[in-house]
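A short write-up of the structure that comes next.
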Amino acid sequence: MKKTKTPIQKYRTDLPSKKQRSYFQDLCLYSCFVLGVLNSTSAQEEVKEVEYRPFRIGAHLKNMHTWHGSVVHPGAVLASHIEYNSENTKFTFGFWGGASFSTVDVVNSDTEENVPAYYKEVSIYSKYRFSDSFFVEAVSHNNYTGVEERGDDLHYWGYDKTQGYNFVDLSLGYHPIPNALLYFATIINGGSGDYELQDNGRLKNSWTHYFEVSGKVWKNKTSSLSLFAGGAWSFLTNKTFYTTNSGNIINVGATFTRSLAFGSYALPIEVMAMWNPEKELTVLQLDIMIL
């Protein structure tokens with residue numbers, strides 16, 4: 001009489017053989033190894049993405065150079081910067097420099113003749129971010145264009161009121177929302193002519209204030225459009241650093257930014273249309289970030 005297998009015997013018969021168990025064990029070990037390698041590679045890639053780089057450099061090619069509603073130089077300029085950033089990204093210290101391809105005329109004090117001078121500037125800046133919304137910044141603007149050409153002695157660290165090329169800006173910035181900025185700056189110590197000549201011959205510091213509101217109003221994957229408006233005034237003098245008679249709106253316009261792709265390289269380009277009603281000045285500035 002043929003015996004039938006009990007349920008237990010049948011179950012044991014269906015179990016994998018030793019050879020099969022060995023195969024499954026090897027497969028599991030191999031899978032764990034692959035997953036471990038992939039996880040390690042992924043972790044290394046994440047570390048690379050957040051790798052701390054304390055120093056950064058950059059370069060811009062511009063058809064002109066403007067600042068707070070004024071044309072600093074009307075011709076083409078190559079500008080560059082080098083800066084240090086702390087690991088927590090709160091502190092920045094750097095140097096910004098610009099040099100022109102064309103000249104402007106300055107008057108030589110000895111000959112009283114116009115002589116050509118190239119635009120030259122090396123400025124120092126420092127910035128501290130208390131949070132993503134609030135920062136404080138100090139900039140020493142050192143524009144020594146035409147200093148020697150007009151017959152003056154060049155003192156890079158000189159901040160004499162009447163020398164006319166060094167001044168310091170202290171500013172505060174606040175982002176009420178991520179795409180908007182409220183910016184307030186004050187020129188200190190009357191540098192670079194930020195003063196008013198009094199009847200008694202004394203020079204009274206203006207401590208000119210500049211306030212600007214800017215914000216991004218449109219964007220897509222490669223482009224964005226921002227609007228801005230700024231004005232200058234002094235509580236101490238009628239004349240300000242940016243205006244002739246009294247405080248006024250001096251900087252109104254729009255900035256369009258687009259990133260052009262050339263293979264794996266992205267080239268940011270910025271075009272700014274600016275109007276200064278105080279000086280009845282309208283310009284279109286092109287700024288190409290080449291580095």
Side-chain angles (χ1 to χ4, degrees), residues 64-74 77 79 94-98 104 106-107 109 117 119-127 135-173 181-214 228-253 274-281 283:
M64 65 174 65
H65 178 47
T66 63
W67 174 255
H68 289 179
S70 299
V71 175
V72 180
H73 184 76
V77 169
F95 295 87
W96 183 96
V104 292
V106 298
V107 179
S109 58
Y119 163 72
K120 293 169 288 185
E121 180 174 349
V122 178
S123 295
I124 309 168
Y125 60 93
S126 182
K127 187 175 185 177
F135 67 84
V136 60
E137 185 177 39
V139 182
S140 174
H141 301 270
N142 303 312
N143 181 350
Y144 49 98
T145 303
V147 174
E148 295 174 300
E149 288 84 352
R150 66 177 181 242
D152 293 341
D153 293 328
L154 179 61
H155 301 286
Y156 180 78
W157 297 105
Y159 292 87
D160 186 88
K161 292 181 177 62
T162 60
Q163 196 170 17
Y165 60 93
N166 285 357
F167 69 96
V168 176
D169 249 330
L170 288 179
S171 60
L172 303 173
L181 174 65
L182 305 179
Y183 173 82
F184 177 80
T186 300
I187 296 175
I188 65 173
N189 200 36
S192 193
D194 187 36
Y195 60 83
E196 187 176 71
L197 180 62
Q198 305 298 294
D199 294 336
N200 58 8
R202 296 182 61 184
L203 305 180
K204 186 175 182 179
N205 290 353
S206 297
W207 293 81
T208 296
H209 306 300
Y210 175 81
F211 180 70
E212 181 178 297
V213 179
S214 61
F228 59 87
W233 76 96
S234 170
F235 291 115
L236 304 176
T237 63
N238 290 324
K239 171 190 171 296
T240 77
F241 183 81
Y242 303 102
T243 64
T244 304
N245 299 315
S246 60
N248 204 344
I249 301 297
I250 60 169
N251 192 19
V252 179
M274 185 270 290
W275 173 53
N276 183 335
E278 162 74 16
K279 298 180 179 179
E280 297 183 358
L281 173 68
V283 299

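The shown structure was predicted, so the numbers you read here are calculated from the model rather than taken from an experiment.
Taking every heavy atom of both residues into account, Val104 and Pro74 meet most closely at CG1-CD, 3.8 Å. Heavy atoms only, all atoms of each residue included: Thr208 and Ala232 are closest at CG2-CB, 4.3 Å. The two residues Ala138 and Leu170 come nearest to each other via the heavy atoms CB-CD2, 3.6 Å. The shortest non-hydrogen separation linking Asn142 to Ser140 is OD1-OG, 3.2 Å. Nearest heavy-atom pair, Ile250 versus Asn276, reported as atom, atom and distance to 0.1 Å: O-CG, 3.0 Å.
Taking 4.5 Å as the limit, every side-chain heavy atom of Leu281 sits out of range of all side-chain heavy atoms of Trp275. The side-chain heavy atoms of His141 and Asp169, taken from C-beta on, include a pair separated by under 4.5 Å. For the pair Ser171/Glu137, a side-chain contact is recorded, criterion being any heavy-atom separation below 4.5 Å from C-beta on. Contact annotation: the side chain of Val168 never approaches that of Ile187 to less than 4.5 Å [non-hydrogen atoms, C-beta and beyond]. The side-chain heavy atoms of Asn238 and Asn245, taken from C-beta on, include no pair separated by under 4.5 Å. Between Val283 and Val71, the closest side-chain pair of non-hydrogen atoms falls below 4.5 Å. Side-chain atoms of Asp194 and Asn205, non-hydrogen and from C-beta on, never get closer than 4.5 Å to each other.
Every side-chain contact (heavy atoms from CB on, under 4.5 Å) that Thr162 has, sequence neighbours left out, goes to Asp160, Tyr195, Leu203. Among residues two or more places apart in sequence or in another chain, the side-chain hydrogen bond (donor to acceptor under 3.5 Å, both in side chains) test is passed with Tyr125 by Glu83. For the ring-ring contact (aromatic ring centres under 6.0 Å, His included) test, residues two or more places apart in sequence or in another chain that qualify with Trp96 are His65. With sequence neighbours left out, the salt bridge (charged side-chain N to carboxylate O under 4.0 Å, His left out) criterion links Lys120 to Glu149. Legend: residues meeting ring-ring contact (aromatic ring centres under 6.0 Å, His included) with Tyr242, ordered by chain and number and at least two apart, are His68, Tyr210. Scanning for salt bridge (charged side-chain N to carboxylate O under 4.0 Å, His left out) contacts around Asp152 gives Arg150, with sequence neighbours left out. Evaluation of the side-chain hydrogen bond (donor to acceptor under 3.5 Å, both in side chains) rule for Thr243 yields Thr240 as partners, not counting sequence neighbours. A search for ring-ring contact (aromatic ring centres under 6.0 Å, His included) contacts involving Phe241 returns Phe167, not counting sequence neighbours. Residues meeting the side-chain hydrogen bond (donor to acceptor under 3.5 Å, both in side chains) test with Lys161, sequence neighbours left out: none. For Phe211, the ring-ring contact (aromatic ring centres under 6.0 Å, His included) test picks out no residue, with sequence neighbours left out.
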Phe235 and His209: side-chain contact (heavy atoms from CB on, under 4.5 Å), yes or no, with the steps? CA-CA 9 Å; Phe235 291 115; His209 306 300; 3.5 Å; yes
Would Asn251 and Phe228 count as a side-chain contact (heavy atoms from CB on, under 4.5 Å) here? Give the steps. CA-CA 8 Å; Asn251 192 19; Phe228 59 87; 3.3 Å; yes
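Within the structure, ring pair (Phe, Tyr, Trp, His ring centres under 6.0 Å) pairs that include any residue of residues 142-163 do not occur (at least two apart or interchain). For residues 197-209, no pair satisfies salt bridge (Lys or Arg N to Asp or Glu O under 4.0 Å), with sequence neighbours left out.
Atoms OG and CH2, on Ser246 and Trp233 in that order, are 13.0 Å from each other to the nearest 0.5 Å.
At least one donor-acceptor pair under 3.5 Å links the side chain of Gln198 to the backbone N or O of Glu196. Looking only at distances, no side-chain donor or acceptor of Glu278 sits under 3.5 Å from a matching main-chain atom of Gly69. Using a distance-only test at 3.5 Å, with no hydrogens or angles considered, a donor-acceptor pair links the side chain of Asn143 to the main chain of Thr145.
Of the N and O atoms on the side chains of Ser206 and Thr237, at least one donor lies less than 3.5 Å from an acceptor on the other residue. Remark: the Ser70 side chain and the Lys279 side chain contain an N/O donor-acceptor pair separated by less than 3.5 Å.
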